[in-house]
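So the structure is just underneath, and the comments pick up after that.
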Amino acid sequence: MSKDSSSLPVALVAVLAPLPRPLSYRVPSRLADRLQIGSRVRVPLGRRQAIGYVVELSAAAEGDLREIGELLDDRPLFNAGHAAFYRKAADYYAYPVGEAVRTALPAGLSGRGAQPVILSDRLYRPTEHDDPGRGPRQQELLAAIRARGSRLLSELRQQFPAPHATLNRLVELGLLTVDTVERRRDPFASDIVPHPPPALNPEQQQALAELAELVDQLPAFAPVLLHGVTGSGKTEVYLQTIAMILARGRQALVLVPEIALTPQLVARFRGRFAAAGVRLAVLHSGLSDGERFDAWRAAIAGEIDVIIGARSAIFAPLPRLGLIVVDEEHDASYKQSEAFRYNARDLALLRGQQDGAIVLLGSATPALTSYRHAHDGRYRFLRLPQRSSGQPLPEIALVDLSGAPLAGGLSPELGQALADTVTAGEQALLLLNRRGYAPFLLCHDCGATLRCPNCAITLTYSRVEQGLRCHYCDFRLRPPETCERCHGANLLPEGQGTERLEEEVRELLPEARVARMDRDTTTRKGAHLRLVEQMARGEIDVLIGTQMIAKGHDFPAVTLVGVLNADTGLNLPDFRSAERMFALLSQVAGRAGRGTRLGRVLIQTFNPDHHTFDHVVRHDYQGFAEQELAQREALDYPPFGHLVNLVLAGNEPSKVEAAAAELAARLQQQAGAVEILGPAPCLLVRLRGKHRVQILLKARHRPPLRRLIERLQRSELRPSAGVTLTLDIDPLDMF
Ligand code: ADP
Ligand code: ZN
């Protein structure tokens, strides 16, 4: 970064190509004083040119090196510390380093494409002349600028109609100077509502005191798990920890699941910090490329104090990072499910180590892995066992579905509770983890269902869209009149999705205001937010939805939560199914009774004896965790062992299977301490037209697993043509 290192003759470049490690290039003298770590460059690669990112500069030249062709940006995109972090992340996930860096960077800066335009603004400053100006317009403008020391044209435009000509005149008169400056796009539109800190309860005080100790020790990596029940005031602990970090001149990064990244949350942060001049940026998928580009440039320039963002914000280039908060750290959306399959929660720990920062993981239902590390003392363990309001946690009851007469999927108990809630002017949430009108169309003559031709799943029926749709590849079909197999005319919707539930609740409670929140109703930009706001204003009585409704919302008027069928997630062939179910049920239950009224939760199930429910009903996270962990230990599942999933996919099933069998056999020969499971068909044996087979690698310790992966990467074990191999390190979804 410094001038001395930039004149070093060799650059290590992470090239955009499927290469595991960076390549060395000679720095031509014409670029020597401008090239830095974080520079984007064009380099020769084989017979073509490729884009790459400089990740290291050194003096050592090994052999005959090719030369960097071109420098593409005026300023570096990241610094040496960030480069080291990106390389470690790529290495950990066995992903090509150049591609990993590209994933880290915002779209406009990442690749070949044009970078977004840099917007400019004009900054006016008064000169020493104290001439009051001629005429009222000049005088008003001068006064406005002098009062603040300087003003931007973009601001003045909001206050004065067409100020341009007058400003030019004042510059000519020597009363103002003008400079062109870079203008950042600002995604915040709303006003700031102050959000002063409340007096902390004793548990919050205790947590904050321990965090203060860690802040005193900065820079030093310190992993912390904050286990706080829903509504316990975890966010308040984050806010006050951030305040301590900022007071030390350090910066903070706050990761939240994408869906929880609502303007309400952002408003809370702004309300606390904006008045103190803290510079806040938000990074999420809804931003334009230009907005992201600006936030990135501001961050690397040291102009940002706090970044709030979803998964990919873990790569944001804050130069003096002191704290990373991972809110709802158990959330599966931290794992990217394609291409660079990183988990932002795990990368937060890696980055904390790299930067000497505190990593604060928060959840009401921590991932069992995190719980185990905290329990063993590898993380500091902080707990908030009470709700901050002093309200008790909601009362949870199970409703046995076997033999229960159902009306629109609702048992008599849930139907009555719903009616009572609406009558009392309170709000209810209904969780049904299945979109669409009905899961499938079933032929009532021959039992045939309609399946996606590309993916091994049934097509979901939507009445609103008058169509069938695949939720994996988006294949769509008009519902046929007759069964393809027997040509019978009794093709009827079977089972229940959120769309059908909505219709049925409307019939049951005609006077209630009913709305639905799922991926189908929230695809349009702003739709999710609109529902959240309507709910917050009390314009909805019953909100029906998929797991989206369970995440992070704070609706004080919700007193009833109903879960339509809790069994769907329990019996998936995945060792984490109980953990996921426990988290989902606890989280959705936690939406009830956050205000002054006691909350109530009804969970409908065909398996009321399942051990998971026992713990859910008693709000007993710890009991659940200990029971699950005992089972995992017996089988070497995480956190006691480590997994890597290899997925082979291709058009021809026979080729894929042959390649998988061959790969498994060769892995077996070199396995050592690694257990090779499979090959076995993936849970989704066909996806987007590809046949899929998986091989699961499991080991008690990481090093032998890593060695095997390295061999695989060095292509000794590459599968044949027509078959792709995907590596998933620490997989979350077993399909
Ligand atoms: P969590 O993140 O644990 O779900 P929040 O931080 O959102 O909980 O807190 C829930 C509600 O309680 C919020 O409205 C918050 O402003 C409020 N709150 C938090 N701490 C306190 C406190 N010590 N005193 C009063 N209200 C508090
Ligand atoms: Zn499909």
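Each residue takes its place number in the sequence, starting with 1. Read the numbers this way: they start at 1 and go in the same order the structure lists the ligands and their atoms.
Side-chain atoms of Q251 come within 3.5 Å of backbone atoms of R320 as a donor-acceptor pair (strictly under, hydrogens ignored).
Taking the charged nitrogens against the carboxylate oxygens, R250 and D355 have no contact shorter than 4.0 Å, which rules out a salt bridge.
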Which protein N or O atoms sit under 3.5 Å from any N or O of ligand 1? Give each pair with its distance.
from	atom 1	to	atom 2	distance (Å)
ligand 1	2 (O)	T235	N	3.3
ligand 1	2 (O)	T235	OG1	2.8
ligand 1	3 (O)	S232	N	3.2
ligand 1	3 (O)	S232	OG	3.4
ligand 1	3 (O)	G233	N	3.0
ligand 1	3 (O)	K234	N	2.9
ligand 1	3 (O)	K234	NZ	3.0
ligand 1	4 (O)	G231	N	3.0
ligand 1	4 (O)	R594	NH2	3.3
ligand 1	6 (O)	T235	N	3.1
ligand 1	6 (O)	T235	OG1	3.3
ligand 1	6 (O)	R268	NH2	3.1
ligand 1	7 (O)	R268	NH1	3.1
ligand 1	8 (O)	G233	N	3.1
ligand 1	12 (O)	S388	OG	2.9
ligand 1	14 (O)	D554	OD2	3.3
ligand 1	18 (N)	S388	OG	3.4
ligand 1	20 (N)	Q204	NE2	3.1
ligand 1	23 (N)	A199	O	2.9
ligand 1	23 (N)	Q204	OE1	2.8

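For the pair R632 and F640, the cation-pi test (distance below 6.0 Å, angle within 45°) is failed.
Classified by interplanar angle (parallel below 30°, tilted 30° to 60°, perpendicular above 60°), the ring pair F624/H611 is parallel.
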Check step by step if side chain to side chain donor-acceptor pair (under 3.5 Å) holds for Q604 and S411. CA-CA 8 Å; Q604 301 190 147; S411 60; 2.7 Å; yes
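Taking each heavy atom of P319 and I300 in turn, the nearest pair found is CG-O, 4.2 Å.
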